[in-house]
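Computed from a prediction, not measured in an experiment: that's the story for all the values here.
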Amino acid sequence: MNNYLNNLNESQLKATLQTDGPMIVIAGAGSGKTRVLTYKIAHLMTKGVDPFNILALTFTNKAAREMKERISGIVGEEAKNLWMGTFHSVFAKILRIEAEKIGYSSNFTIYDTEDSQKLVLSVIKELNLDKEIYKYKNIYSRISSLKNSLITPKIYGQSDELIESDKLAKRSSFINVYVEYINRCFKAGVMDFDDLLLKTNELLSKSPNVLAKYQNLFKYILVDEYQDTNHSQYLIVKALSDKFQNICVVGDDAQSIYSFRGANIKNILNFQRDYHEVNVFRLEQNYRSTKNIVNAANSIIEKNENKLDKVVWTENETGSKINITRLLTDGEEGRFVASSIFESKMRNQYNNKDFVILYRTNAQSRAFEDSLRKKNIPYRVYGGLSFYQRKEIKDVLAYLRLIVNNSDEEAFKRIINFPARGIGQTSIDKLIIESKQRKISIYDVARNINESNLSIGLKIRNKISDFVLSIEKAKLMLKESNAFEITEEVIKSSGIYKLYKKEESLESINRIQNIEELLNGVQDFVDTQLYNSESKGTIEEFLQDVALVTDLDQDHENQDKVSLMTIHLAKGLEFPCVYIVGLEENLFPSAMNINSRDELEEERRLFYVALTRAQKEINISYVITRYRWGKLIDSEPSRFIDEIDEKYINILTPITSKKENLSFNNINRRFNRNKIRYNKPKPRIPSNYVKVNRASSKINLFDDNLVTGNIVSHVRFGKGEVLKLEGKGNDIRAEINFEKGGVKKLLLRFAKLKIIS
DNA sequence: TGCACCGATGTTTTT
DNA sequence: CATCGGTGCA
């Protein structure tokens with residue numbers, strides 16, 4: 001049982017065995033910090049600590065899930081009782097339990113960034129502010145950062161400095177927007193992302209009983225990626241750990257890349273000042289990468305002034321040098337990377353999933369998608385517009401949200417006239433004004449539309465009543481039905497499905513597929529809930545879950561595909577072969593972040609993160625001209641290329657370019673000399689191209705594979721024999737005789753069957 | 001009210 | 001370039 005500890009090196013072991021008191025683990029990239037966290041928790045549990053008393057906060061849900069699995073591997077099933085997840089998901093859970101204590105109902109819904117920004121925009125409009133000056137996105141991000149620093153309107157009002165700064169920006173009404181935004185969220189029974197942390201702080205500081213309850217509950221607290229916590233998160237951790245002081249934080253200041261989200265690197269730099277008698281552990285041996293990679297990364301991070309002392313080293317092989325390739329255009333860069341991956345696969349027997357393409361901005365993915373597709377290399381794009389942010393998905397979710405929480409204003413506004421049912425903006429505005437005056441939710445105004453004396457015509461009143469009725473009808477299902485049944489009902493009765501079904505454009509077919517994929521997801525959720533916990537998979541639980549999942553959290557590991565993602569998303573991941581693309585001034589480092597030392601250091605840390613994802617090979621590329629905002633612009637090589645110690649790099653000239661002997665030291669000079677105008681038209685994307693999405697990867701999986709007589713297994717019904725197949729395309733049904741449950745007819749696109757024989 | 005078209009506008013990174 | 005919001009017409 002205890003031999004799991006043999007897998008640790010000396011410093012890892014020390015960090016693992018130290019269980020009590022405040023401690024910090026400063027862990028270099030690839031030094032096994034996840035391993036330490038995992039074993040530490042397992043160790044605590046073997047020592048007899050109840051998993052219910054352990055709180056472990058991770059950066060992504062995926063990290064939490066994987067860690068849980070690994071802990072289960074050591075200590076067994078018990079691990080599922082750990083409190084483990086992201087800050088946002090764990091405290092959403094707690095807030096739901098304690099909601100009444102801060103005046104919320106426990107079925108509050110969560111606004112994502114889009115909802116929040118829309119609300120800010122309506123507030124700006126309602127207050128008659130000039131939207132040229134009050135840019136809603138800026139206002140929203142200001143609200144967000146104030147919240148993350150726990151600056152409420154009241155505190156704002158006491159700070160001359162803050163007031164003055166808004167005056168200077170000629171938007172002294174900012175505070176009015178802020179106040180109204182908060183009121184509206186509260187009245188809508190809604191929390192935004194930042195509220196999940198802010199309200200937790202509020203809860204803990206206002207209610208000593210609640211604080212004591214959770215202090216006693218969480219006897220051991222562990223925080224991963226501590227360098228990326230913001231002030232709000234910092235205070236929560238501080239409050240909760242105050243009693244037992246069994247707080248273990250793990251992080252790497254060199255990988256702090258989220259300051260734009262309020263992350264405060266000082267949290268990790270000052271940890272030793274914040275707690276008494278802190279045990280400090282350093283993990284400096286890297287097990288991930290070759291010597292070349294580790295050294296090259298070190299040579300980069302050395303350029304930063306602001307950092308903790310730490311020397312990352314490795315005993316791994318020397319490995320190959322980092323290849324740096326210059327290309328003419330972004331299109332050429334795409335083709336270069338695709339063929340390079342193709343060759344490397346052949347040469348080294350790599351799989352697709354051994355490769356990742358990392359870029360600074362999501363918009364860059366396009367060129368690589370095109371070229372990989374042409375070469376028939378399977379790939380998957382992470383991030384960007386995530387699945388749950390797609391319009392059709394958000395529409396369905398809005399119905400569900402409104403059913404669960406009638407007050408949800410943004411959900412209401414989103415769907416009151418979608419699909420179009422003849423309720424126009426003018427009528428909706430009247431409802432909103434009325435709701436403000438009477439201080440009730442818009443939904444309640446709509447519900448009592450016939451008793452009101454609003455100037456809305458009879459026809460439209462009836463349409464509003466019909467809408468309300470359909471929501472009320474769905475509400476009746478809440479108690480009886482699980483998330484899947486309700487979602488299915490909503491998709492049908494709302495008319496969303498019909499709408500896209502009858503329009504036969506590529507776009508709508510895609511939307512249908514996404515909606516079906518959502519149904520798959522809900523079914524999946526219900527099944528796992530039934531399996532993992534006592535809960536029955538209600539729609540409330542699903543909505544809570546869905547608001548906080550990200551693209552990365554989804555399981556796609558078994559698929560052999562090249563990954564494409566931003567460097568931010570890649571944190572914590574590792575790949576044998578890494579392509580870092582678009583290494584150009586104003587792109588990476590981003591033009592927004594080159595005006596101060598701090599900003600530039602964060603970009604440099606980002607580059608460090610990118611380099612340290614690699615196990616074996618790194619390929620860096622940059623281009624001379626790139627399409628940005630639809631225009632060709634000239635670029636210069638990133639300063640970061642110059643910063644890598646020359647010992648660790650190879651400068652390559654691609655075959656497609658002129659054979660020039662481009663020596664490293666005159667890259668910059670050369671570029672200033674030959675600013676090449678490159679006027680070749682951008683290659684067109686084939687017009688019959690449909691963006692590959694997740695829906696198409698799951699649906700119709702069995703069209704060609706399943707035949708009568710197959711033995712299959714189903715998540716709920718277990719094993720069964722396929723008796724008959726009927727229908728085609730999306731509507732293929734199988735009649736299956738299950739050992740448990742007898743004969744069922746299942747739509748193949750929903751029933752996730754595994755073929756056994 | 002709904003649809004078709006037009007011009008303005010914007011891209012950093014995300015829970 | 002691509003999306004979005006606004007405008008004008010049926």
Side-chain angles (χ1 to χ4, degrees), chain A residues 57-64 85-92 110-114 116-118 121 125 131-132 135-138 140-141 144-145 147-148 191-198 225 228-230 232-233 256-263 330 358-366 382-386 388-389 391 417-428 456-457 459-460 463 546-553 565-571 582 586-594 599 602-603 605-607 609-610 626-633 681-682 684-685:
Chain A
L57 297 164
T58 58
F59 198 67
T60 62
N61 292 304
K62 183 180 173 220
T86 62
F87 273 90
H88 292 267
S89 60
V90 167
F91 295 115
I110 297 172
Y111 276 178
D112 67 7
T113 307
E114 189 194 347
S116 299
Q117 287 182 340
K118 278 189 176 169
L121 181 61
K125 281 185 185 161
K131 63 183 166 56
E132 294 304 307
K135 304 232 168 175
Y136 70 101
K137 284 186 182 171
N138 293 343
Y140 166 71
S141 68
S144 171
S145 66
K147 281 188 173 183
N148 280 323
M191 295 207 194
D192 66 15
F193 283 142
D194 308 312
D195 282 334
L196 295 174
L197 307 173
L198 180 72
E225 309 282 11
D228 286 322
T229 51
N230 62 34
S232 199
Q233 294 166 321
S256 161
I257 55 175
Y258 278 99
S259 73
F260 69 91
R261 206 169 78 190
D330 45 354
L358 298 177
Y359 34 77
R360 180 64 179 78
T361 66
N362 284 305
Q364 286 167 260
S365 72
R366 191 61 177 273
Y382 291 83
L385 225 217
S386 93
Y388 291 105
Q389 289 171 311
K391 175 184 162 12
N417 197 34
F418 184 86
R421 46 176 75 85
I423 305 169
Q425 199 52 53
T426 337
S427 312
I428 298 172
I456 293 177
K459 250 189 185 166
I460 297 176
K463 286 169 176 166
V546 113
L548 303 170
V549 294
T550 63
D551 238 22
L552 201 62
D553 295 330
M565 61 181 85
T566 61
I567 301 166
H568 282 89
L569 270 188
K571 198 170 65 157
N586 297 327
L587 181 59
F588 191 15
S590 158
M592 333 277 302
N593 287 353
I594 48 180
E599 285 172 347
E602 174 143 324
E603 292 284 310
R605 289 193 294 270
L606 194 57
F607 187 45
V609 168
R626 169 181 299 280
Y627 275 95
R628 274 182 103 179
W629 313 292
K631 283 207 183 93
L632 267 183
I633 53 151
K682 194 179 183 184
R684 295 288 334 155
I685 307 143

Which residues share a ring-ring contact (aromatic ring centres under 6.0 Å, His included) with A/F588, sequence neighbours left out: A/F607, A/F640
Out of C/dA2, B/dG2, B/dT13, whichever nucleotide has its closest atom nearest the side chain of A/R366: C/dA2
B/dT15 phosphate, OP1 or OP2, under 4.0 Å from A/N148 side-chain N/O: no
Protein N or O to nucleotides 4-10 of chain C N or O, pairs below 3.5 Å:
none

Enclosure of A/K391 NZ (heavy-atom neighbours >12, cutoff 6.0 Å): yes
Distance in angstrom units between A/F193 CZ and B/dT15 P, rounded: 8 Å
Any A/T566 side-chain heavy atom under 4.5 Å of A/Y359 side chain: yes
Side-chain donor/acceptor of A/D192 to backbone N/O of A/I110, under 3.5 Å: no
Sugar-phosphate, base or nothing in reach of A/Y258, heavy atoms under 4.0 Å: sugar-phosphate
Qualifying residues under side-chain hydrogen bond (donor to acceptor under 3.5 Å, both in side chains), relative to A/T229, sequence neighbours excluded: A/N267
Touch class at under 4.0 angstrom, heavy-atom based, for A/I257 against every strand present: nothing
Gap between atoms CG and P, on A/L587 and B/dT13 respectively (whole Å): 10 Å
Spacing of A/N417 atom CG relative to B/dC3 atom P, expressed in whole Å: 10 Å
Non-neighbouring partners of A/R605 that pass salt bridge (charged side-chain N to carboxylate O under 4.0 Å, His left out), sequence neighbours left out: A/E602
For atom CG of A/N61 and atom C1' of B/dT15, their distance in whole Å: 9 Å
Gap between atoms CZ and P, on A/F260 and B/dT15 respectively (whole Å): 9 Å
C/dC4 versus B/dT13 - spacing of their C1' atoms, nearest Å: 22 Å
Closest-nucleotide ordering on DNA chain B, the 5'-leading residue of A/Q389 and A/R421: A/R421
All ring-ring contact (aromatic ring centres under 6.0 Å, His included) counterparts of A/H568, not counting sequence neighbours: A/Y258, A/F260
A/H88 NE2 - B/dT14 P separation (whole Å): 14 Å
Partner set under ring-ring contact (aromatic ring centres under 6.0 Å, His included) for A/Y111, not counting sequence neighbours: none
Find every protein N or O atom lying less than 3.5 Å from an N or O atom of nucleotides 4-11 of chain B, and list the pairs.
residue : atom : partner : partner atom : Å
B/dG10  : OP1  : A/K135  : NZ           : 2.7
B/dT11  : OP1  : A/K137  : NZ           : 3.2

Nearest-angstrom distance from the residue atom OH of A/Y627 to P of C/dC1: 8 Å
Touch class at under 4.0 angstrom, heavy-atom based, for A/T113 against every strand present: base
Sugar-phosphate only, base, or nothing, as touched by A/D194 at under 4.0 Å among non-hydrogen atoms: nothing
side-chain hydrogen bond (donor to acceptor under 3.5 Å, both in side chains) against A/T361, all qualifying residues, sequence neighbours excluded: A/Q364
Length of the line joining A/Q233:CD and B/dT14:C1', which is rounded to integer Å: 12 Å
Sugar-phosphate only, base, or nothing, as touched by A/N362 at under 4.0 Å among non-hydrogen atoms: sugar-phosphate
Non-neighbouring partners of A/K118 that pass salt bridge (charged side-chain N to carboxylate O under 4.0 Å, His left out), sequence neighbours left out: A/E114
